[in-house]
Amino acid sequence: MKNQMCLFFLLFLFCHISSAVKHSFKCYRTASSGLQNVSEFMFFGKVDDVVVNQCDSTNKIFKPKQDWVVKLYNEDPEVLQAGRQECFVIIPFFFKHVIYNLTRTLQTEGAILQCIPGCELDETTGQFSGFVHCGYNGEDFLRLDLKTLKWIALSPQASIIKQIWDRNTTIIEYYKDLINHRFPYLLQRFLEYGRKSLMRTDPPSVSLLQKTPSSAVSCHATGFYPDRALMFWSKDGEEIHEGVEHGEILPNHDGTFQMSVDLNVSSAEDWRRYHCVFQFVGAVDRIITELDGTLIRTNRVKPDNLTVPVIAAVVVVVVMATAGGYMAYKMKKEAEDSTEPREDTNLNTETNTAH
Ligand SMILES: *[C@@H]1O[C@H](CO)[C@@H](O)[C@H](O)[C@H]1NC(C)=O
Ligand SMILES: *[C@@H]1O[C@H](CO)[C@@H](O)[C@H](O)[C@H]1NC(C)=O
Ligand SMILES: *[C@@H]1O[C@H](CO)[C@@H](O)[C@H](O)[C@H]1NC(C)=O
Ligand SMILES: *[C@@H]1O[C@H](CO)[C@@H](O)[C@H](O)[C@H]1NC(C)=O
């Protein structure tokens with residue numbers, strides 16, 4: 001009875017979730033004024049958290065990052081041209097003044113300004129919504145209120161820049177056009193070409209690992225896509241937190257992801273009461289792996305034909321982070337990730353790869 005109620009409740013939640021299909025396009029722009037007196041500009045675009053293109057204004061590189069984006073650029077040179085224009089001309093011109101004025105006003109030497117304009121499409125209503133969020137040296141800085149077209153200071157030192165940006169109509173008009181026209185159009189074009197790839201789900205392969213008989217048991221999931229997934233340990237069907245350590249979701253080289261959750265469990269316990277549960281956020285299926293001592297991989301033994309029991313259950317657990325908390329987390333995370341495309345140094349020889 002209890003289970004039926006639970007199932008009903010969860011299915012209700014699931015219907016609620018699945019009816020709201022959202023897609024987003026976000027552009028992560030970084031202007032840095034570093035050790036030299038030269039400012040550097042770069043950006044990368046993400047559709048539904050998949051990197052679609054990448055720009056390095058300083059070295060004049062603009063390139064697609066997915067096969068389906070290459071196809072879009074080949075078949076619609078205007079979209080490619082707009083990206084190159086943004087990368088080579090508009091961003092350097094626009095941000096040069098912004099970063100110069102900013103660092104002088106705040107009297108800082110080295111500085112990184114990251115602005116993320118983006119738009120989101122709710123496919124059930126067909127409505128677009130947009131945002132512009134800026135960080136400065138890794139901290140939240142300014143956010144544009146698109147109703148009032150005024151900036152909102154997110155840190156004490158942002159107040160003075162807010163006043164400057166509020167008065168600069170070039171900056172306001174630029175973002176207004178981006179959010180209301182150019183990004184919604186771009187998102188639609190990206191979805192036309194990438195929908196199939198973006199909407200796919202690759203389930204993980206899950207394995208249990210343990211270094212020594214006394215160390216924690218690690219439940220490791222790899223090869224999954226998308227990265228909106230969660231994993232936890234349960235005891236008698238209830239999620240547990242004590243003795244559990246969550247690892248971060250990390251990217252694999254093939255575009256899939258991996259993560260692991262460790263459980264510190266004493267050998268005196270009945271291990272079969274514990275399960276490792278993997279689930280895509282908002283999805284129906286769960287991959288449940290029983291803590292079975294015979295299935296654990298260790299450094300000492302190397303079982304080749306390891307099979308992991310996979311049970312799909314019609315249960316949904318919805319993790320609904322508050323929108324604010326999520327954004328703050330994303331900002332922090334993306335700020336950390338923002339240097340990632342630059343590490344890809346072999347880009348330098350690949351100018352104009354779309355042609
Ligand atoms: C930039 O740096 C060079 C030397 O590194 C210096 O000669 C030049 O005056 C500097 N320019 C500005 C505008 O500060
Ligand atoms: C406003 O910002 C733009 C873009 O960076 C810049 O070119 C322009 O000089 C600024 N206007 C004023 C009055 O500061
Ligand atoms: C920054 O821009 C504001 C407004 O355009 C201007 O009044 C101020 O003098 C500028 N500061 C610097 C250091 O360029
Ligand atoms: C596991 O738990 C035991 C007892 O609760 C504790 O002494 C031990 O330090 C823990 N080990 C790890 C790796 O957390």
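Note that ligands are numbered from 1 as they come in the structure, with each ligand's atoms numbered from 1 the same way. Given the structure is predicted, the values throughout are model-derived calculations rather than measurements. In what follows, residues are counted from 1 in the order of the sequence shown.
Paired with F190 under the rule ring-ring contact (aromatic ring centres under 6.0 Å, His included), one option of F183, Y185, F25 passes, and it is F25.
Both tests do not hold together for R29 against F95: distance to the six-membered ring centre under 6.0 Å, angle to the ring axis within 45°. Remark: K65 fails to qualify as a cation-pi partner of F44 under the 6.0 Å distance and 45° angle criteria applied to the six-membered ring.
A ring-centre distance under 6.0 Å is found for F224 and F278. F141 and W151 have their aromatic ring centers separated by at least 6.0 angstrom.
In terms of hydrophobic clustering, with Ile, Leu, Val, Met, Phe, Trp and Tyr side chains grouped at heavy-atom distances under 4.5 Å, V206 and L250 are assigned to different clusters.
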Put together the list of close N/O pairs, under 3.5 Å, between ligand 3 and the protein, could you?
from: ligand 3; atom 1: 2 (O); to: N101; atom 2: OD1; distance (Å): 3.4
from: ligand 3; atom 1: 2 (O); to: N101; atom 2: ND2; distance (Å): 2.2
from: ligand 3; atom 1: 11 (N); to: N101; atom 2: ND2; distance (Å): 3.0
from: ligand 3; atom 1: 14 (O); to: N101; atom 2: ND2; distance (Å): 3.3

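Backbone and side-chain nitrogen or oxygen atoms of F93 are examined, and none is located within less than 3.5 angstrom of a nitrogen or oxygen of ligand 2.
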